[in-house]
**Q** 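The structure under discussion is supplied below as structure tokens; questions concerning it will follow.
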Amino acid sequence: MSRFSTPAAAARIRQRKTVDRVFVVLMGIAAFIAVSLLVILLYRIGSSGMRYLGPDLINEFPGRRATGSGARHALFGTLWIMSLTLLFTVPIGVGAAIYLEEFNRRDSWFKRIIQLNIANLSGVPSIIYGMLGLAIFVPFVAVLAGDARSGKTLLAGALTMSLLSLPLVIMVAQEALKAVPSSLRDGSLALGATRWQTIRRVVLPQATPGILTGIILAASRAIGETAPLIVVGAAVMVNSVPTGPFDSYGVLPLQVFNWAQRPQQDFKDLSASTIIVLMGILISLNAIAIIMRMRAQRRA
Amino acid sequence: MRSWIPLCTLALAGALLGGACAPSAKTEDTTGTGTGAVATTPDTNLTGDIKIDGSSTVYPIVEAFASKDGFGNMAPNVKTVVNQAGTGAGMEMFARGEIDIATASRPIKDKEIEALKKAGIEFIEVPIAFDGLTVVVNKENTWAKSMTIDDLKKVWHKDSKITNWKDINPAFPDQKLVLCGPTDAHGTYEYFNETVNGGTDQGRQDYNQFPEYSSMVPAVTGDKGALGYLGLAYYEENKDSLNVVAIDGGNGPVTPDGTTVQDGTYSPLSRPLLIYINKKSLERPEVKAFVKFAMEGGSDLVKDTGFIPLPADIYAKAWERVEKGITGAVFNTFKPGMSMADALSSGAAATATK
């Protein structure tokens with residue numbers, strides 16, 4: 001009792017409370033800086049981007065003037081890249097995760113090497129993937145299409161993006177599989193189900209929301225990345241929408257960059273409008289991911 | 001309890017995408033888009049694709065050609081792909097047969113001609129527009145109304161130690177000199193140093209280097225002692241915030257504008273922008289139609305993008321080269337100040353006598 005009533009103790013408590021308050025203020029400032037930067041950015045894009053935000057932006061191709069110009073080719077190019085990337089990434093990524101988590105559960109040296117590689121790959125700068133794509137996929141696609149002019153097309157871009165987003169999908173899918181309680185597996189196996197039956201009917205349904213989250217994150221990464229696509233030949237200007245995997249393509253971030261560096265202010269504003277479209281796609285993808293995660297949490 | 005997070009994100013996403021779809025209140029008239037482009041009925045029989053890559057300086061011009069305001073409207077079923085990897089990179093792709101047309105902000109180099117020969121690719125060279133390198137200073141700079149090429153060399157040569165305006169010309173005030181220019185990745189840099197300093201590697205390196213012109217303009221407007229150079233289109237766009245320096249190439253000071261660049265009096269800092277067409281690609285009707293469009297109906301689009309169209313007779317001479325299939329380079333020996341008509345005809349004559 002008496003320990004707390006001495007003047008020295010009271011002073012110590014006051015001091016601790018002051019430190020506490022100072023830190024609350026400091027953290028508040030940090031949070032404020034982060035948020036205000038975002039708000040300033042959004043405001044600037046919004047204020048200059050509203051002018052050209054209209055149906056033209058998604059219905060029209062680039063023209064010589066900002067008015068009436070659109071990024072239809074880039075929008076569709078982005079969607080194509082995203083779809084093809086998912087087509088390649090999902091089976092391989094989920095398959096790899098299932099193998100690592102379900103069929104190779106023991107901590108073998110083989111698994112450790114693969115795991116280490118995947119972790120390293122996810123940290124490789126994206127431009128490196130671009131160089132890899134240029135060296136391997138572009139000639140490969142050119143041979144596949146039988147035309148030197150067809151190397152730098154959608155397929156090469158999507159393969160490069162798949163390589164880039166694969167580590168992310170594998171790691172998120174692995175986490176999702178890990179989160180499935182092993183009692184469920186044991187129960188299923190005890191009832192006489194085979195390993196594959198257990199995975200397909202018990203483990204995968206449980207892990208689906210988590211896996212889907214990973215897939216959507218990978219998709220949004222494939223949309224936002226530009227550097228590797230520039231290397232493997234995304235075009236700045238295409239006057240049509242791609243109709244197949246051997247078509248030339250443009251992507252939204254590249255169109256943003258192209259218009260932003262024009263001397264005319266009109267094109268800079270148009271660039272801001274395109275940013276809004278790109279952000280709209282990205283944020284809706286992330287929203288879907290958040291919803292899925294929350295639904296999964298509620299069920300668990 | 002945290003269900004408002006996805007709701008908010010969805011609402012935000014919806015607002016953003018919805019905004020893109022909603023009809024916008026545009027203040028500008030859209031009717032202006034149609035003027036100038038050649039009134040030709042769309043030719044839907046033309047199909048196939050045209051691949052173009054190369055100079056980022058030439059890019060806006062070719063983009064306008066390919067767009068719906070130009071060739072895209074004339075031949076809606078032709079897929080035109082335009083990129084801007086840079087003149088040098090474009091030439092490499094051209095030699096690998098990956099593209100049909102290479103664009104260039106400088107004439108083709110001997111080693112590039114060599115590479116094309118090795119690959120068995122024949123090409124036709126035609127000019128599509130002029131660009132005038134424009135020397136600019138700060139709005140408050142009242143002294144540098146005109147400069148000679150020697151003045152520029154005194155400043156920009158690699159041996160130059162000048163850091164003050166008064167060292168260029170004693171009549172200039174005592175004002176610290178701040179140099180601004182594009183990085184050496186630009187064709188503009190190469191052309192400036194070749195013309196002013198006598199070689200692409202003869203330029204001074206201790207200047208403020210800008211990868212993009214749009215960031216260079218504020219640097220010049222922000223410093224009273226600034227001196228920089230850029231493409232005419234960028235000056236025209238920023239006329240209100242920059243002062244132009246008239247260039248004295250030996251016949252008195254001349255300021256760059258549409259007329260002086262086109263008639264060659266703004267010399268030697270005006271340059272032709274070129275395209276190189278793969279002769280084999282030219283056998284495809286869509287490629288030929290595209291080049292024809294550039295030569296016959298492109299001048300308004302060139303003007304729109306801030307560059308200077310060639311005189312009509314030069315376009316006619318250039319198209320003649322294409323029609324006759326005259327291969328080889330003539331602009332690699334082209335010196336600023338030379339007559340372009342003579343250059344084009346001389347090349348034609350040389351091939352004709354062969």
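By convention in this document, chain letters (A, B, ...) are assigned in the order of the sequence lines, proteins followed by strands, and residues within each chain are numbered from 1.
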**Q** What heavy-atom pair brings B:S67 and A:P62 nearest, and what distance separates the two atoms?
**A** CB-O, 3.1 Å
**Q** Check this for me: A:F246, atom CZ, are more than 12 non-hydrogen atoms of other residues, nucleotides or ligands nearer than 6.0 Å?
**A** yes
**Q** Could you look at A:V231 and say if it's the side chain, the backbone, both or neither that has a heavy atom under 4.5 Å from chain B?
**A** neither
**Q** With a 4.5 angstrom heavy-atom cut-off, is it the side chain or the backbone of A:S69 that approaches chain B, or both, or neither?
**A** backbone
**Q** Side chain to side chain contact (heavy atoms under 4.5 Å, CB included) for A:K152 and B:V81? Distances and angles first, verdict last.
**A** CA-CA 11 Å; A:K152 292 178 174 171; B:V81 184; over 6 Å; no
**Q** Looking at B:D69 and A:R65, is there a salt bridge between them, counting it only when a charged N and a carboxylate O are closer than 4.0 Å?
**A** no
**Q** Is B:E237 close to chain A through its backbone or its side chain, or both, or neither, when contacts mean heavy atoms under 4.5 Å?
**A** side chain
**Q** To the nearest 0.5 Å, what is the distance between CD on B:E98 and CZ on A:R149?
**A** 10.5 Å
**Q** Can you pull the side-chain hydrogen bond (donor to acceptor under 3.5 Å, both in side chains) pairs that have at least one residue in residues 232-247 of chain A, sequence neighbours excluded?
**A** A:N239-B:T80, A:T243-A:D247, A:D247-B:K79
**Q** Please name the pair of heavy atoms, one in A:G63 and one in B:E63, separated by the smallest distance, quoted to 0.1 Å.
**A** O-OE1, 4.1 Å
**Q** Could you look at B:V78 and say if it's the side chain, the backbone, both or neither that has a heavy atom under 4.5 Å from chain A?
**A** backbone
**Q** Go through the atoms of B:D49 and report whether side chain, backbone, both or neither lie under 4.5 Å from a heavy atom of chain A.
**A** both
**Q** Check this for me: A:K268, atom NZ, are more than 12 non-hydrogen atoms of other residues, nucleotides or ligands nearer than 6.0 Å?
**A** yes
**Q** Side chain, backbone, both or neither: which part of A:A234 has a non-hydrogen atom closer than 4.5 Å to chain B?
**A** backbone
**Q** Using a heavy-atom distance cut-off of less than 4.5 Å, which residues of residues 253-262 of chain A contact chain B?
**A** A:F257, A:N258, A:Q261, A:R262
**Q** Side chain, backbone, both or neither: which part of B:Y59 has a heavy atom under 4.5 Å from chain A?
**A** side chain
**Q** Of the listed residues (B:E236, B:M93, B:Q84), which shares the most heavy-atom pairs with chain A below a 4.5 Å separation?
**A** B:Q84
